[in-house]
Amino acid sequence: MLPKEGYKKIAVILFYLVVGLLFLYLFFKYLFSALLPFLIAYIIAFALQGIIAFLHGRLHIPKKLASLLLVTLTSGLFFLLVYLIVARVYEELSALTISVRNFIENLRSDPDFARTWIDRINDAFPFFDIEQPLTDFWLNIDARLQQLAEKLSGAVIPLLGGILTVVPNAFLGIFIVIISSYYMATDFTRINRFLLSLFPRKLRADMKKAYGDAKQTVFKLLKAYSLIIVITFAQLFVGFLLLDVKYAFLIALLTAFVDILPVLGTGTVLVPWSVWLFAAGEFPRAVGLLVLYLIISVLRQILEPK
């Protein structure tokens, strides 16, 4: 049996736990979306502090001017990068859409073309005979395409409505981030002092220590993994270009995104893809994908400890 003091401690811990969880729930439900632009602006201001200190201390550029130049340059580079990515993705998606449309039209109008693909897919699965299901699918392709078109048309209008609603809010959020980044970068030290003053005096030393630890570990870890992801994407994109893979940028982007997810990695995409190419008889490209996966894995093992 626990003494009364033990039960009191458990009750107090449970009370604070429930209050903390309730606070987090209310915060993320009602306040997080409103505060997110300012949080992003704070992170940008934090990231620019080293360069601002160099420009102000070594080159004697006024702090406000240095902050303005860096925020403007960072925003410009970010929007340029977003534009280039969106333009490339749009270009490859447009080409992919045309290829899919032509492929479907050939399936519907040319029985020999359909038969060639049925045999090719069936041969890629040597231990299974899927010729009949594929033939049935081709015979009913018009009905299936009609069903798919109805589903897509039913989803397009709500999607467009959602996009039209999000775009103005996104521009407003970007404007707030840019303006807030400038002011936070200029008065970063004063803002930190103000935020620290909101906590009881007894907690301030612990808060400073926690901030210092986070600065030394969490932020450096995020920076390191961001660099690894960029390097992985660059390797994938260059490798796909050398292997003459269609839609290289789009596939490299999706594969790099898969690499971010827990447990999964580039092998989740490259290894099954290589196995499929081996089964389909495309040995050079299959070997190339495995070599690319090996290079990415080795370089990642070298970079991660550093």
Show me the donor-acceptor pairs within less than 3.5 Å that the side chains of residues 179-186 make with the rest of the protein, sequence neighbours left out.
unit_1	atom_1	unit_2	atom_2	d
Ser180	OG	Ile176	O	2.7
Ser181	OG	Val177	O	2.5
Thr186	OG1	Tyr182	O	2.8

Q: Quick one: pull up CD1 in Ile61 and CD1 in Ile52 and give me the separation to the nearest 0.5 Å.
A: 11.0 Å
Q: Please tell me if the side chains of Thr189 and Phe194 come closer than 4.5 Å, counting only heavy atoms from C-beta onward.
A: no
**Q.** Straight-line distance of Leu270 CG to Leu294 CG, nearest 0.5 Å
**A.** 11.5 Å
Q.
Under 4.5 Å side-chain heavy-atom separation, chaining through any Ile, Leu, Val, Met, Phe, Trp or Tyr, what else clusters with Tyr83? Say none if it is isolated.
A. Leu80, Leu84
Contacts under 3.5 angstrom, residues 228-252 side chains, donor-acceptor by atom type, not counting sequence neighbours:
unit_1	atom_1	unit_2	atom_2	d
Thr232	OG1	Ile228	O	2.8
Tyr247	OH	Ser99	OG	2.9

Q) Are Leu69 and Leu59 co-members of a hydrophobic cluster defined by side-chain heavy atoms under 4.5 Å apart? A) yes
Q. With hydrophobic residues grouped by side-chain heavy-atom distances under 4.5 Å, do Val82 and Ile44 end up in a single group?
A. yes
**Q.** Phe78, CZ atom: more than 12 neighbouring heavy atoms under 6.0 Å
**A.** no
Q. Do the side chains of Leu77 and Val86 join up, straight or via other hydrophobic residues, at under 4.5 Å, putting them in one cluster?
A. no
**Q.** Donor-acceptor contact present, side-chain Ser67 to main-chain Lys63, <3.5 Å
**A.** yes
Q: Any chance you could measure Phe54, atom CZ, to Leu70, atom CG, to the nearest 0.5 Å?
A: 11.5 Å
Q: Go through Tyr293 and Val269 one step at a time and tell me if the side chain to side chain contact (heavy atoms under 4.5 Å, CB included) criterion holds.
A: CA-CA 10 Å; Tyr293 172 61; Val269 176; over 6 Å; no
(Q) Test of understanding: clusters of I, L, V, M, F, W, Y form through side-chain heavy atoms closer than 4.5 Å, transitively. Do Leu65 and Leu73 belong to the same one? (A) no
Q: Consider only side-chain heavy atoms of I, L, V, M, F, W and Y, link residues closer than 4.5 Å, and tell whether Val18 and Leu21 are in one cluster.
A: no
Q: Report the distance from atom CD1 of Ile178 to atom CD1 of Ile40, rounding to the nearest 0.5 Å.
A: 11.5 Å
Q. Could you give the distance from CG (Leu292) to OG (Ser274), rounded to the nearest 0.5 Å?
A. 10.5 Å
Q | His56 side-chain N/O to Pro62 backbone N/O, donor-acceptor pair under 3.5 Å | A | no
